[in-house]
J.: 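Following this message is one structure expressed as structure tokens.
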Amino acid sequence: MINGRLWLWLRLASLCAICATAAHAQYRRNHSDTVRLREITTGSTAVTTPTGIHETRSEHDATVVLALRGADSARACYESLRLATTSPQGTWVTLG
């Protein structure tokens, strides 16, 4: 059986070794890499008025493209975009 203090030092040493290994395994990007991110957001708002509660819901569903250019620059844009709002006046959907 290993005593408590030795066990702690062994765990600390192994943690340092893992951190050092992870630091060397960093991603090296190519100058023409492209990253696509999916972003989904939903929201809800309720407003209380003298005539009652009015609820509005919103949805945002997008794919964002991040194109790396050169060593220190990038360009981002929406590859796809869907915005939707539902309120007492109706539903609106915008596709982009």
J.: Please determine whether the number of non-hydrogen atoms from other residues, nucleotides or ligands lying under 6.0 Å from atom CD1 of I53 exceeds 12.
T.: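 Not buried by this count: 12 neighbours or fewer within 6.0 Å.
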J.: Checking H54 against S87: is there a side-chain donor and acceptor pair closer than 3.5 Å?
T.: no
J.: Taking only residues two or more places apart in sequence or in another chain, which ones pass side chain to side chain contact (heavy atoms under 4.5 Å, CB included) with R75?
T.: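 Counting only residues at least two positions away or on another chain, R75 forms a side chain to side chain contact (heavy atoms under 4.5 Å, CB included) with R69.
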J.: Side-chain donor-acceptor pair under 3.5 Å between S80 and T63, yes or no?
T.: yes
J.: For S44, what residues pass the side chain to side chain contact (heavy atoms under 4.5 Å, CB included) criterion, not counting sequence neighbours?
T.: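 By the side chain to side chain contact (heavy atoms under 4.5 Å, CB included) rule, S44 matches E55, R57.
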J.: Are L83 and Y78 linked, directly or through other ILVMFWY residues, by side chains that come within less than 4.5 angstrom of each other?
T.: yes
J.: Side chains of V65 and T34: closer than 4.5 Å at any heavy-atom pair?
T.: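 Yes; the side chains approach each other to less than 4.5 Å.
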J.: How close do A62 and H60 get, counting heavy atoms only, and between which atoms?
T.: CB-NE2, 3.9 Å
J.: Would T86 and E59 count as a side chain to side chain contact (heavy atoms under 4.5 Å, CB included) if you check the C-alpha gap in whole Å, the side-chain angles of each, and the deciding distance to 0.1 Å?
T.: CA-CA 9 Å; T86 303; E59 300 172 3; 5.9 Å; no
J.: Calculate, to the nearest 0.5 Å, the distance between atoms CZ and CD1 belonging to R82 and I40 respectively.
T.: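 Those atoms lie 10.0 Å apart.
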J.: Is L68 linked to L37 within one hydrophobic cluster, defined over Ile, Leu, Val, Met, Phe, Trp and Tyr using a side-chain heavy-atom separation of less than 4.5 Å?
T.: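 Yes: a chain of side-chain contacts under 4.5 Å links L68 to L37.
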